[in-house]
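Predicted model only: the values in this text are computed from it and were never measured. Index from 1, following the sequence. Note that ligands are numbered from 1 as they come in the structure, with each ligand's atoms numbered from 1 the same way.
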Amino acid sequence: MNLVILGAQWGDEGKGKIVDLLSSEYEVVVRYQGGSNAGHTVMVNGQKFILHLLPTGILHSHTIGVIAQGMVVDLELLVEEIKQIEGKGISVRDRLLISDRAHLVLPYHKTLDALLEKKGKIGTTLRGIGPAYMLKYARKGIRVCDLWDKDRFYSLVRDNLEFVEELCKKVYCEAFEMKVDEVVDRALENFEEIKHCVTDTSSYLLNTKKSILFEGAQGTLLDVDIGTYPYVTSSNSSALGLSAGTGLPPKFFSGAKFLGVSKAYTTRVGEGPFPTELKDEVGDLIREKGKEYGATTGRPRRCGWLDLVALRHAVKLNGLDGIVLTKLDVLDGFEEIKVCTAYKIGNETFENFPASLFLLEKAQPIYKSFEGWKESTYGITSAEDIPEKAMNYINFIERFVGVPVVMLSTSPERDKYIWLSEVFHGKRVGSSNIC
Ligand code: IMP
């Protein structure tokens with residue numbers, strides 16, 4: 001049975017560890033949207049890995065990693081990341097497949113990202129993601145397959161640079177200069193390093209008999225269609241992105257399991273509405289205890305209580321079968337813990353997540369309060385060690401969002417987790433500490 005793992009909040013839910021953990025049972029691991037804006041952190045035997053472009057599951061030597069067509073790939077960073085991981089003794093290039101249809105992120109996309117941020121702040125990662133998708137949908141994108149023909153690649157880059165220069169100068173009154181030769185030569189040098197990995201990955205995925213884990217990046221509320229638009233990333237980072245991002249028919253996923261990863265509280269980086277944000281000492285405490293600083297940019301994350309209205313939105317629209325709850329231990333020792341169960345907007349109560357930014361910005365959370373637990377849950381591996389009050393908290397989440405919390409992750413280390421409920425028809429993946 002194939003497995004899809006998605007972020008159920010605004011990203012940074014701790015997907016990296018979960019994907020790494022569950023990849024031990026899968027043969028193929030796939031990333032299918034976004035690019036180096038992602039930062040999936042994994043701790044293995046005390047060693048820290050942060051993956052931006054490679055599927056996290058590639059850290060297991062038995063897997064085949066796939067960078068599918070929906071990603072936007074910065075070859076410079078990809079080659080750097082591959083070398084870093086290979087430098088730690090893990091082979092990559094003999095197990096990596098890169099879609100020939102994936103679009104490239106080139107230096108001018110990052111220039112444009114910075115310029116657009118200057119003109120209207122979204123708080124992007126400045127990795128060129130928005131502009132790469134922007135040019136893709138304007139049908140001016142450059143794909144990995146274009147690198148096979150040097151002359152064609154050269155003329156595509158030249159056209160792109162002319163377009164970007166015009167946009168910068170005429171629309172934004174900003175100077176722009178980038179040399180075609182430099183961009184082309186550097187891209188071709190990087191291509192040399194990985195060109196044997198390039199293939200039609202959708203055919204590969206369609207034909208393989210191997211088990212597949214699909215690894216979402218960012219989170220549902222950053223999805224360009226169902227997130228907090230325009231404060232979102234530029235791809236479909238929810239389940240909506242699966243088919244287009246992999247090149248597989250929607251039917252392909254009908255038998256798959258869908259798990260959403262959520263923290264026991266909420267964080268977001270960048271701008272945009274965040275109804276349960278705590279701009280006080282409680283928010284600061286969550287940030288410090290949870291080490292809430294961006295894996296890609298190092299930015300402090302905004303912190304707040306768990307927003308169950310938003311989480312239920314993610315459960316419904318992704319068709320989630322269950323939640324993996326992470327970082328519950330950060331709430332250990334709190335006197336009081338709150339969850340948001342509805343929004344008050346003007347005189348109206350909203351139980352569903354509104355589309356309108358105007359409404360979301362005015363949303364006042366309606367909270368349900370829980371008495372905190374005093375015991376530590378850090379690193380526990382047995383359900384019997386979950387304090388009763390923490391279990392009440394978990395049970396409330398399950399009832400509210402309508403699916404079970406199937407797993408609790410209790411520290412960044414690979415082996416610190418607890419399965420709480422059945423996931424795969426009586427079979428759980430990974431070793432089991434079952435309640
Ligand atoms: P972009 O994806 O770099 O264009 O950034 C758009 C928005 O998505 C910004 O608010 C970023 O902070 C956010 N974002 C992008 N990638 C991630 C991620 O991996 N984790 C959390 N937030 C992200």
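Residues E215 and K15 are not paired through a salt bridge, judged by the lack of any N-O separation under 4.0 Å between the basic side chain and the carboxylate.
Between atom 8 (O) of ligand 1 and the options L126, V72, L222, N37, the minimum heavy-atom separation is to L222. Comparing D12, I129, T233, T267 against atom 2 (O) of ligand 1, the shortest heavy-atom distance belongs to T233. Nearest residue to atom 15 (C) of ligand 1 from E117, K121, Q218, H40 is Q218 (criterion: closest heavy atom).
Of all atoms in ligand 1, listed by their number and element, those nearer than 4.0 Å to a heavy atom of G270 are 10 (O). Close approach of ligand 1 to G123 (heavy-atom distance below 4.0 Å) involves ligand atoms 9 (C), 10 (O), 11 (C), 12 (O). Taking a cut-off of under 4.0 Å to the non-hydrogen atoms of T124, the atoms of ligand 1 that pass are 1 (P), 3 (O), 4 (O), 5 (O), 9 (C). Each of the atoms 10 (O) of ligand 1 lies under 4.0 Å from some heavy atom of I122.
Within the structure, every pair that satisfies the side-chain hydrogen bond (donor to acceptor under 3.5 Å, both in side chains) test and touches residues 128-146, not counting sequence neighbours, is listed here: D146-R152.
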Checklist entry - Does the pair E193 and K83 meet the rule for a salt bridge (Lys or Arg N to Asp or Glu O under 4.0 Å), with working shown? => result CA-CA 10 Å; E193 299 270 357; K83 287 184 176 168; 3.3 Å; yes

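Heavy atoms of R127 found under 4.0 angstrom from ligand 1: none, in either backbone or side chain. Proximity of V232 to ligand 1, defined as any heavy-atom pair under 4.0 Å, is confined to the backbone N, CA, C and O atoms.
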